[in-house]
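Scroll down for the structure; my scribbles are underneath it.
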Amino acid sequence: MEKTYNPKDFEDRLYKEWEETGCFKAERDNSKVPFTIVMPPPNITGQLHMGHAMDATLQDAVIRFKRMQGYVALWLPGTDHASIATEVKIIEAMKKEGLTKQSVGREEFLRRAWAWKDKYAGRIVQQLKKLGASADWSRLTFTMDEKCSTAVREVFVNLYNKKLIYRGNRIINWCPCCKTALSDAEVEYAEEAGSFWHINYPVEGEDVCLEVATTRPETMFGDTAVAVNPADKRYSRFIGKRVILPVVGKAIPVVADEHADMQFGTGVVKITPAHDPNDFEVGLRHNLEIVRVMNDDGTMNANAGEFEGLDRYECRARLLEKLKQTGALVREEPHTHNVGHCYRCNSTVEPIVSKQWFVKMKPLAQPAIHAVIDRKVSFIPERFAKIYYNWMENVKDWCISRQLWWGHRIPVWYCEDCGKEICSKTDPKVCPHCGGSNLKQDEDVLDTWFSSALWPFSTLGYPDDSADLEYFYPTDLLVTGYDIIFFWVARMIFSGIEHMRKVPFRYVLIHGLVRDEKGRKMSKSLGNGVDPLEVIDKYGADSLRFSLLQGVAPGNDTRYSDAKVEACRNFMNKVWNASRFVIMNSEGNEIKPVSEVRLSAADKWIISRLQSVIRDVTLALNKYELGIACQILYDFTWSDFCDWYIELVKPALYSGDGAKKSVALSVLNFVLNNTLRLLHPFAPFITDEIYRSMPGVCGTIMKEDYPRYNSKLAYKKDAAGFEGVMEVIKAVRAVKTELNCPPSRKVTLYVLTENKRLISSNEESILKLAGAKDIVFLNSAEDSAEGCVTKVTSIGTLFIPMGELVDAEKEKARLEGELEKVTAEISRADGKLHNSGFLSKAPKKLIDEEKAKLDKYIKMREKIYEQLKIFDNK
RNA sequence: GGGAGCUUAGCUCAGUUGGGAGAGCAACUGCCCUACAAGCAGUGGGUCAUAGGUUCGAGCCCUAUAGCUCCCACCA
């Protein structure tokens, strides 16, 4: 083995081998229990970013854990066609060639899109592989694969037939840049500094005006009324009259509607049903005309008269100028308001009335809400259930049609002969109503999230009653960021219930965002993104993985920092070197099972610690608390195993005593073997690379069992005793460092104790780790030599002769300091044990523990008193 | 307007049934001791945001306050 950990030497090689030998394949086996995770399919436009890296690492760690536990562990991967995102990219690319969508036509455009997919879908898969993702790539699915398209049509037609999908003229969010409708979820709101323009609308036939205020004056061409509150006495006399739209000169009615807020602005609101969701509702109530004033690209249409053809903002500027000239503009005041933006191109969206396809949400939302209430689906952490409820309870109908070309085309045809609509799972040749053959398919495609919503079952073979579906569905765990709960998680839940009659997954593990070192969101525009592949290249995949999991709590954001990865790389190096130590020493020796050797106290201690670690890590993993599991393993491996146990065992290895060495090697191999298996889900590469080099091991660690807690190996009593020995060692070390005594200077250790056996049986360990040359037992404190530092421990009093380094005054002060500490402990424990409330209500175990502590400290205090007395006598 | 989260060591964060405050990094001291200087030993550093409450006992539960962050809705 190399002296330092060098992940490049083995990561790619191991991954290739795992893949080639089918380690990731999940095959149905009715004698075993399945455990399934479907991977959130990354967009084909995307490159692996830190968010993916964390998401994938969480899933990979869980799936590897479950696989080792003997489940048929399926991690089902895929990629997403990402309708709008990809289309935007392709248009950009075409623009460089001087081409547009329209100029190349639909067919050529789709050809280019598929070429894009062929080129880039593989890229992110390769990147996930670099990370060590143990997904079953033989099942890799693309959202526009035949099977997904079949599922999409099946679902569409079923919902259509149930009247849960309908087409209608409704207010939708329109992106003038992408030239498509968007769902509510695809709009991001941001506060913007704008203006509030007050405009006078003269009352017809009177010499008065109604003053309205608006943030979007250019929509006034579409005004078909002004509204006042029915309770607003200021304006009641105008209700039913008409006002003249400035510039346009058209008369529009004054209506009474609750929508007008008396407190807000002037209390008079212009009503533009075609361009505002609230106004649309008002329009319905008062049967108002709907006048659209904008084209799909955000320019003004003929209804804007002289402003036709101008961009919406250009129109606004010129219109305001004109209003000012004609005196209709009363005033302009600054006003900040929330403006909606397209989540893909960030353009300001326009609410526009448009004929679109919708999914009726209310009937679907109800059972989806109950599924979470009834805990058929549970969020981790639970607080995200509230966010989910809030959304589901207030969800509006889902606009699913997109005026795009890349995506699942809406399976509806219009008969040009009889004008009827045909919704069909297969392409119809003739109209079933009139037999005509002039059929034209709806031009639009579906929201990319429509197919994502079906992911947990479309990937497993829906709508067929496939064996996979039967075996793996419902899946067990979904891992994703809180940013796509609405887009995806919620929609999968209602879709699963509606189409499969079963929820799609039992647990949803939510993670946060990976931010940059300063806590900012990583983004392209800020240029602060860190490329996981570069990190892997520099530190190795295991280090990156560990750094993304360690100390991270579910649902919380985390910051990426090189320092953190470096610390994890150091940990990997630690694991590497500890293993190297064990393996080198094992060479040429027979390694006996631990059950066949006589264990020392130290051996029992480390085995006992290992058992607690196995128990705690498994517990944490079962609760999907991966951050905690990592932390436990880190501490155990570094502190307990490396810093303590390996050091403890060195004398036995180097003593030349074959029997002792044999025991040490047994335990070293046993603990290392278990530790590697425990660590494998988090750091798959290094653990496997080492595992293969261990004596008596053949094959990959991936096929091994995850360690199981064994109560017979808990050795509680022995472990506790040995901790006393460790206390002695620490005490001596501390004294030496405090007095600036070089470690190379070996001391004689005088010990006054009732635990002579414990000390003498661990003499070698104490001498080695404490830096002592011999141990001498005293019969009385009086026997201690001059110039000693005294340390009282729970298993005995130590006298450490430090000669000239000892200052009697300081030593006395130090002892008095210790007395103070011990006394404080005594009064704390004593206080508790004299508290009747504590005695009557605290668990017995706790009371016993307190009693034991009290005993211990009282004994220690006695010893310290004794020492101080000796001091005073000298 | 509604909701959520955060506030713990200089920095970044853990702390999940309430039972003596933790890690990493940074700082300081001393060490090349045959696994590892990507290391070892040791040290210092916290009224767990503030104020109340519940409890024998609160970083953890309840109430209020402050600051920061986010989500949803939205006033034209």
Side-chain angles (χ1 to χ4, degrees), chain A residues 1 3-5 184 189 196 212-216 219 227 259-261 263-266 268-272 276-279 282 335 337-338 381-384 386-387 389-391 394 482-483 485-486 512-513 517 519 539 543 547 550-559 561 563-564 566-585 620 623 625 627-628 630-631 634-635 642-643 646-647 650 654 729-730 733-738 740-744 768-771 825 828-829 831-832 835-843 845-847 849-850 853:
Chain A
M1 283 175 83
K3 191 176 171 185
T4 51
Y5 159 67
D184 294 343
Y189 288 88
F196 215 19
V212 303
T214 179
T215 55
R216 294 189 303 155
T219 64
H259 168 62
D261 182 346
Q263 316 302 325
F264 191 83
T266 58
V268 187
V269 55
K270 69 196 247 333
I271 302 298
T272 323
D276 182 279
N278 288 308
D279 293 3
V282 175
H335 181 69
H337 56 152
N338 250 349
E382 269 180 61
R383 69 180 127 95
F384 288 101
K386 276 188 207 166
I387 293 175
Y389 293 139
N390 188 265
W391 189 78
N394 299 297
Y482 56 69
D483 49 336
I485 292 176
F486 307 140
L513 263 40
E517 242 154 324
Y539 298 104
S543 305
S547 76
Q550 193 193 17
V552 175
N556 285 5
D557 289 352
T558 179
R559 293 186 195 201
S561 77
K564 214 187 276 180
E566 206 171 306
C568 292
R569 191 272 317 265
N570 293 353
F571 174 66
M572 296 305 152
N573 189 52
K574 194 74 186 172
V575 172
W576 183 263
N577 276 294
S579 307
R580 199 160 66 90
F581 175 84
V582 174
I583 292 166
M584 282 184 333
N585 280 288
K623 290 190 279 180
E625 289 167 354
I628 292 174
C630 278
Q631 194 59 49
Y634 183 99
D635 292 342
C642 295
D643 291 344
I646 287 185
E647 294 306 321
K650 280 178 180 172
Y654 301 146
I729 293 166
K730 283 189 219 173
R733 283 171 170 175
V735 167
K736 290 179 74 172
T737 311
E738 271 167 40
N740 282 330
C741 165
S744 51
K768 169 81 176 23
L769 297 198
E825 291 298 335
R828 191 192 56 79
K832 273 196 168 181
N835 181 326
S836 59
F838 179 76
L839 289 174
S840 60
K841 288 180 183 169
K845 194 182 155 205
L846 205 71
I847 295 170
E849 276 171 23
E850 283 302 327
K853 279 181 209 164

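Because only heavy atoms are used, hydrogens play no part in the values below, and waters and symmetry mates are left out as well, while side chains stay in. Because the structure is predicted, anything quoted here is derived from the model rather than measured. Letters go in sequence order (proteins before strands), and every chain restarts at 1.
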Using only heavy-atom distances, determine whether the side chains of A:Y482 and A:D557 contain a donor-acceptor pair under 3.5 Å. yes
Which whole number of Å gives the distance between the C1' atom of B:U17 and that of B:U50? 28 Å
Under 4.0 Å between a side-chain N/O of A:K386 and OP1 or OP2 of B:C72, yes or no? no
Give A:A567 one of three labels, base, sugar-phosphate or nothing, depending on what nucleic acid heavy atoms sit under 4.0 Å from its own. sugar-phosphate
Assert: residue with more 5' nearest nucleotide on RNA chain B, out of A:R569 and A:D184, is A:R569
Considering just the side-chain nitrogens and oxygens of A:N570, establish if one lies under 4.0 Å of OP1 or OP2 belonging to B:G24. no
Rounded C1' spacing from B:G19 to B:G57 in Å: 7 Å
For the pair made of NZ in A:K768 and P in B:C33, what is the distance, rounded to whole Å? 12 Å
Is A:K650 positioned over the aromatic face of A:F581, cation under 6.0 angstrom from the ring centre and no more than 45 degrees off axis? yes
What's the gap between B:C62 and B:G3 when it is taken at their P atoms, as a whole Å value? 15 Å
Could one point to a donor on the side chain of A:N338 or the base of B:C74 with an acceptor on the other under 3.5 Å away? yes
Below the 4.0 Å mark, does B:G42 have OP1 or OP2 next to a side-chain nitrogen or oxygen of A:R733? yes
Separation of the C1' atoms in B:G22 and B:C60, to the nearest angstrom: 15 Å
Between B:G39 atom C1' and A:Y5 atom OH, what is the distance in whole Å? 17 Å
Under 4.0 angstrom, heavy atoms only, what part of the nucleic acid is A:D483 near: base, sugar-phosphate, or nothing? nothing
For A:K564 and B:G24, is the shortest distance between a side-chain N/O and OP1 or OP2 below 4.0 Å? no
Mind checking A:P843 for me? I need base, sugar-phosphate or nothing, with any heavy atom below 4.0 Å counting as a touch. base
Can you tell me if A:K623 touches the phosphate of B:U17, counting only side-chain N or O atoms and a distance under 4.0 Å to OP1 or OP2? no
Which nucleotide in B:G15, B:A35, B:C40 has an atom nearest any side-chain atom of A:D643: B:C40
Same-atom distance (P) from B:A23 to B:G46, integer angstrom: 15 Å
dist A:S547:OG -> A:M572:CE (nearest 0.5 Å) comes out at 9.0 Å
Is the shortest side-chain N/O distance from A:Y654 to OP1 or OP2 of B:A35 below 4.0 Å? yes
Pick base, sugar-phosphate or nothing for A:I583, based on heavy-atom distances below 4.0 Å to the nucleic acid. nothing
C1' atoms of B:G59 and B:U7, separation to the nearest Å: 12 Å
Inter-nucleotide C1' distance (B:A38, B:C56), Å rounded: 49 Å
Tell me whether A:R733 contacts the main-chain N or O of A:L769 through its side chain, where contact means a donor paired with an acceptor under 3.5 Å. yes
Taking a pair as Watson-Crick or G-U wobble with both distances under 3.5 Å, which nucleotide is matched to B:C32? none
What contact category does A:G627 fall into here, base, sugar-phosphate, or nothing, at under 4.0 angstrom with non-hydrogen atoms? nothing
For B:C74, what is the paired nucleotide under Watson-Crick or G-U wobble rules, both distances under 3.5 Å? none
Under 3.5 Å donor-acceptor pair, A:E625 side-chain atoms to B:U16 base atoms: yes
What is the nucleic acid contact for A:A227, judged by heavy atoms within less than 4.0 Å: base, sugar-phosphate only, or nothing? nothing
Looking at B:G46, which nucleotide sits across from it as a Watson-Crick or G-U wobble partner, both distances under 3.5 angstrom, or is there none? none
RNA chain B nearest-nucleotide lookup for A:S744 and A:A553: closer to the 5′ end is A:A553
Mind checking A:C642 for me? I need base, sugar-phosphate or nothing, with any heavy atom below 4.0 Å counting as a touch. base
Is the side chain of A:K564 donor-acceptor paired with the backbone N or O of A:R559 at a distance under 3.5 Å, no angle test? yes
So, does A:K832 use its side chain to make a donor-acceptor pair with the main chain of A:E850 at under 3.5 Å? no
Here the distance between atom P of B:C70 and atom CG of A:N390, to the nearest Å, is 18 Å
Round to a whole Å and report the spacing from CZ of A:R559 to P of B:G24. 20 Å
Using the P atom as the reference point in each nucleotide, state the distance between B:U65 and B:U29 in Å, no decimals. 48 Å
Neighbour count above 12 (heavy atom, 6.0 Å) for A:E849 CD: yes
For the side chain of A:K574, counting heavy atoms from C-beta on, which of B:A35, B:A38, B:G30 is nearest? B:A35
Can you tell me if A:N390 uses its side chain to pair, donor with acceptor, with the backbone of A:K386 under 3.5 Å? no
Whom does B:G22 pair with, Watson-Crick or G-U wobble, provided both distances fall under 3.5 Å? B:C13
Has A:N573 got a side-chain atom pairing as donor or acceptor with A:R569's backbone, closer than 3.5 angstrom? no
Go through the N and O atoms of the side chain of A:R383 and the base of B:A4, and report whether any donor-acceptor pair is under 3.5 Å. no
Looking at B:G57, which nucleotide sits across from it as a Watson-Crick or G-U wobble partner, both distances under 3.5 angstrom, or is there none? none
Base paired to B:A66 (Watson-Crick or G-U; both N/O distances under 3.5 angstrom): B:U7
Rounded distance (Å) that lies between atom P of B:A41 and atom CD of A:E738: 16 Å
Integer-rounded Å distance: B:C71 P and A:I387 CD1: 10 Å
Considering just the side-chain nitrogens and oxygens of A:K841, establish if one lies under 4.0 Å of OP1 or OP2 belonging to B:G19. no
